[in-house]
Structures are given as C-alpha cells and as structure tokens.
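We name chains A, B, ... by the order of the sequence lines, and we start the count at 1 in each one.
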2 protein chains.
Amino acid sequence: MYRIGELAQLCEVKTDTLRFYEKHGLLSPSSRTDSGYRIYTENDAERLRFILRAKAVGFTLAEITELLSIELDKSNWACADVKGLVDDKLANVEAKIAELNHFQLSLQRLSQACCGGPESAEHCSILEALESSTDNIRCENHSHTHDDVQFTKNCQNKAVSKNSKEK
Amino acid sequence: MYRIGELAQLCEVKTDTLRFYEKHGLLSPSSRTDSGYRIYTENDAERLRFILRAKAVGFTLAEITELLSIELDKSNWACADVKGLVDDKLANVEAKIAELNHFQLSLQRLSQACCGGPESAEHCSILEALESSTDNIRCENHSHTHDDVQFTKNCQNKAVSKNSKEK
DNA sequence: CTTGACCTTGGATACAACTCCAAGGTTTAT
DNA sequence: ATAAACCTTGGAGTTGTATCCAAGGTCAAG
C-alpha cells in the first residue's frame with residue numbers, strides 16, 4: 001500500500017503525473033483513506049510500471065489506454081489485436097524516422113556547404129540556400145566571386161579553429 | 001502585390017497561417033489598403049519562401065525567427081553563427097532519431113515475439129513483455145508451457161494468413 | 001499545540017503550430 | 001443592388017504530456 005508520494009518516488013514520476021494519469025483513466029488508486037488520501041496497491045504499482053514500460057517503447061497515453069483495456073480482458077482479444085497495435089506504432093515511428101532522416105540529410109548538406117568561420121555571413125551558403133531552392137547548395141568557395149582575392153578565404157580553413165566541440 | 005489569399009494560394013499555405021506568422025513576428029505585409037487589407041510584396045513572398053524552406057529542413061518557427069534576424073542583417077553576423085544554428089539543429093534532430101531508433105528496435109522485438117494470430121491474447125508475448133521487464137522478450141512458443149499439447153499453436157503459423165498487408 | 005511534510009481539489013500554464021469561428025466590413029461580378 | 005467571394009479582428013480550440021499553483025485539510029514528531 002502506497003500513498004501517492006510513495007508510489008511516485010518508487011516509480012520515479014511526480015505525484016502530479018499520477019493524478020494526471022488518474023484524470024485520464026490510466027491509473028486509479030484502489031482505495032482512499034477516510035480523509036481522502038489515495039491508496040495504491042502493489043497491483044496499481046504494477047499497472048503503473050506497465051504504463052511506463054509502454055511509454056518507454058514509444059506508445060502515447062492514448063495508445064496505452066488501448067493496451068490496458070486489452071491487458072485487463074486478455075481472453076477477449078487476439079494476439080493479432082495486440083500485434084496490430086505494435087505494428088501500427090512501428091509504422092508510425094518509422095514514418096517519423098524517415099522525416100527526421102530527411103531533415104538530417106538536408107541539415108548535413110547545409111552544414112557542409114558553410115565554412116563556419118568568423119567571416120561575414122553576407123555570402124553564407126546556408127543563407128543562400130534558404131533564399132532560393134533548397135536543392136542546389138553550393139560551397140562558399142565558388143558561390144560568389146565578389147572578391148577574387150579571397151577565393152579560398154571562406155571555406156574549410158577557418159572552420160578548424162572553432163570546432164573543437166565536434167565529437 | 002498580393003492580397004493575403006493570393007499569397008496563401010501562391011505558397012500553398014492558409015491565410016490563417018500567414019496571420020499567425022504575422023502575429024508571431026515572422027512575416028508582416030509591407031502595407032495595407034485603405035480598407036485595411038494586407039498587401040504583400042514580392043519581397044514578402046520571398047521572405048515567406050525562406051520561412052517555408054527553413055521549415056522544410058526541420059527548423060521550428062522560433063529558430064526561423066533567429067535565422068531571419070540574421071538574414072536581415074547579414075553583415076553583422078558570421079558564418080559561424082549561421083552554421084552554429086544548423087549544427088545545433090542537426091544535433092537536435094539526431095538525438096530525436098536516436099530516440100526513435102530505440103523505439104523502433106523495441107517495437108520490432110515486440111512484434112517479432114508475437115504470432116499475431118487469432119489466438120487469445122492470454123499468453124501474448126507482447127503483453128507479457130510489458131508486464132515485466134521490457135528487456136527479456138521471449139517468443140510465445142516457449143514462454144508458457146501451460147498447455148503442452150498446443151506447443152506450436154501460438155507462433156508463426158497463423159501469422160501468415162493475416163499479414164497480407166506487409167509490404 | 002505548533003511545525004513541517006504530506007495530502008486534497010480545481011484550474012491555470014506551458015510548448016508548437018496552427019486551425020477555426022463569429023460578427024462584421026469590402027470588392028467584384030452580374 | 002445584391003450575392004459571392006474576399007477581407008478584418010479577437011479569441012477559442014486542438015493535440016499531448018504534463019507541470020505548477022493556491023487555498024486548504026491531515027498527520028506525526030517534539
């Protein structure tokens with residue numbers, strides 16, 4: 001039997017979070033003291049751990065609600081139902097990964113095109129790429145020959161001095 | 001010169017979005033008609049395209065606000081500043097990818113452990129994994145020998161019938 | 001009997017990026 | 001002159017997941 005603060009500490013969540021889960025139907029205390037304090041059983045703690053594990057693999061609270069309703073009535077559900085939820089989520093996660101991979105690639109290209117040096121950003125390849133089509137990013141070396149003397153000034157060299165934070 | 005609806009159509013956003021960007025300081029029309037209609041110039045349209053391109057590589061509106069303030073005052077910023085924003089974002093995106101990859105792996109393991117068949121979920125490996133440590137997921141075949149006769153009933157076989165949706 | 005740590009409730013706030021609505025004014029086409 | 005299509009404003013709603021707050025009740029120690 002735990003009071004809300006005890007369960008919270010045990011599972012490393014905040015009491016607010018437990019009340020939030022209760023309000024949203026994920027986890028209600030099995031009973032209350034006469035004075036109204038929430039009392040959670042070991043069973044409730046297990047349910048909370050179920051929730052937290054499901055969160056840890058990426059499920060949203062809405063999805064966890066579904067999982068919980070299956071969990072409480074297993075015999076009326078098929079493996080197919082459960083696996084369906086997992087596979088839907090997987091597809092969902094993979095779609096997000098694909099989007100982020102796209103962002104990553106674009107950002108890498110932008111980053112590579114820019115010297116990152118202390119020079120004025122007036123001819124920064126990144127800004128230029130954002131000013132026109134994102135597709136054709138060109139290195140600062142040959143993007144602007146506004147000053148032929150500084151031909152190589154804007155690329156590669158200066159970058160080294162600043163980027164000690166690269167792992 | 002565009003009215004809000006024209007610019008919206010041109011750039012495939014909603015008029016609400018343009019007003020939203022204005023309210024948040026990203027893009028204001030260069031002028032208004034006597035009756036108060038917003039009037040956007042070609043310059044404004046370019047600025048909008050800048051915003052949309054930045055969004056397309058993953059920047060949030062807050063980050064785009066920074067980019068725009070650099071863009072409007074390039075000579076007082078260095079390439080390092082711009083590249084810094086890109087690299088920060090890149091790190092950010094990569095962190096999210098890492099998290100999602102973790103979700104993906106967990107979900108794949110869960111999915112693989114479950115037959116996905118029409119059998120009762122009473123011994124579903126996915127639910128069992130969520131009931132206890134997420135780490136040791138075992139296939140339904142050997143997870144429960146509560147009924148030796150049905151040893152292979154719960155795995156692999158039935159899955160084929162349902163999963164025609166796998167691409 | 002007071003202090004401090006705990007608990008209660010309802011409601012507000014936060015983030016991101018819109019999206020929608022109502023009530024009314026303007027423009028354009030017929 | 002009137003209907004359709006456009007525009008204005010301020011403000012509310014959405015999704016997801018909490019987090020925080022204020023005003024007050026409860027409990028155990030000293």
Side-chain angles (χ1 to χ4, degrees), chain A residues 1-40 44 48 50-68 88-89 92-93 95-96 99-100 103, chain B residues 1-40 44 48 50-68 88-89 92-93 95-96 99-100 103:
Chain A
M1 304 296 226
Y2 311 101
R3 280 187 308 177
I4 193 168
E6 291 167 344
L7 180 59
Q9 197 169 18
L10 187 65
C11 293
E12 296 176 283
V13 296
K14 303 220 168 152
T15 56
D16 275 333
T17 302
L18 293 179
R19 292 194 199 95
F20 176 79
Y21 286 173
E22 183 177 348
K23 185 158 56 178
H24 288 73
L26 282 104
L27 176 69
S28 294
S30 292
S31 59
R32 298 269 188 150
T33 65
D34 290 347
S35 57
Y37 283 20
R38 289 169 177 79
I39 295 296
Y40 296 90
D44 297 330
L48 176 56
F50 183 100
I51 293 168
L52 297 177
R53 277 179 215 116
K55 260 176 66 71
V57 302
F59 285 109
T60 65
L61 297 187
E63 291 158 348
I64 294 171
T65 299
E66 276 196 271
L67 281 170
L68 283 168
D88 285 356
K89 187 72 203 177
N92 191 298
V93 165
K96 270 187 209 148
E99 188 189 17
L100 289 176
F103 288 163
Chain B
M1 305 294 224
Y2 310 101
R3 281 188 309 181
I4 194 168
E6 291 166 345
L7 180 59
Q9 199 170 16
L10 188 64
C11 294
E12 297 176 282
V13 297
K14 304 219 169 154
T15 56
D16 276 333
T17 301
L18 294 179
R19 293 193 198 95
F20 176 80
Y21 287 172
E22 182 177 349
K23 186 159 55 179
H24 288 71
L26 283 104
L27 176 69
S28 294
S30 291
S31 58
R32 296 269 187 149
T33 65
D34 291 347
S35 57
Y37 283 21
R38 290 168 176 80
I39 296 295
Y40 297 90
D44 297 331
L48 177 55
F50 183 101
I51 293 168
L52 296 177
R53 276 179 216 114
K55 260 176 65 72
V57 302
F59 284 109
T60 64
L61 297 188
E63 291 157 349
I64 294 171
T65 299
E66 278 196 89
L67 281 170
L68 283 169
D88 286 354
K89 187 71 202 178
N92 190 298
V93 165
K96 269 186 212 149
E99 188 189 15
L100 289 176
F103 288 164

(message) According to ring pair (Phe, Tyr, Trp, His ring centres under 6.0 Å), who are the partners of A:Tyr21, at least two apart in sequence or on a separate chain?
(response) none

(message) Taking ring pair (Phe, Tyr, Trp, His ring centres under 6.0 Å) as the definition, give me every residue that meets it alongside A:Tyr2, ordered by chain and number, with sequence neighbours left out.
(response) none

(request) Could you tell me whether the side chain of B:Glu63 and the main chain of B:Thr60 form a donor-acceptor pair under 3.5 Å? (result) yes

(request) Identify whether any heavy atom of B:Arg19 sits under 4.0 Å from a base atom; if not, whether one sits that close to sugar-phosphate; answer base, sugar-phosphate or nothing. (result) base

(request) Select base, sugar-phosphate, or nothing to describe what B:Lys55 touches, counting heavy atoms under 4.0 Å on all strands. (result) sugar-phosphate

(request) Using the closest heavy atom to pick a nucleotide of DNA chain C for each, name whichever of B:Leu61 or B:Lys14 lands nearer the 5' end. (result) B:Leu61

(message) Please compare A:Gly5 and B:Ala62 by the position of their nearest nucleotide in DNA chain C and report the one closer to 5'.
(response) A:Gly5

Find the distance [X]:[atom1] to [N]:[atom2] and express it as a whole number of Å.
X: A:Tyr40; N: C:dC6; atom1: OH; atom2: P; result: 16 Å
X: B:Arg38; N: C:dT26; atom1: CZ; atom2: C1'; result: 14 Å
X: B:Lys23; N: C:dA17; atom1: NZ; atom2: C1'; result: 11 Å
X: B:Ile64; N: C:dA16; atom1: CD1; atom2: C1'; result: 12 Å
X: B:Ile51; N: C:dA17; atom1: CD1; atom2: P; result: 12 Å
X: A:Phe20; N: C:dT13; atom1: CZ; atom2: P; result: 18 Å
X: B:Asp34; N: C:dT26; atom1: CG; atom2: C1'; result: 12 Å
X: B:Tyr37; N: C:dG25; atom1: OH; atom2: P; result: 12 Å

[X] and [Y]: which non-hydrogen atoms are nearest, and at how many Å?
X: B:Leu100; Y: A:Lys96; value: CD1-CB, 3.7 Å
X: B:Thr15; Y: B:Gly5; value: CG2-CA, 3.8 Å
X: A:Ser30; Y: A:Asp44; value: OG-OD2, 2.8 Å

(request) With a 4.0 angstrom cut-off to heavy atoms of chain B, pull out the first and last contacting nucleotide of DNA chain D, in 5'-to-3' order. (result) D:dC6 to D:dT9

(message) When you compare the side chain of B:Arg38 with that of B:Arg32, does any pair of heavy atoms fall below 4.5 Å?
(response) yes

(message) Of the options C:dC7, C:dC18, C:dC20, whose atoms approach the side-chain atoms of B:Asp16 most closely?
(response) C:dC20

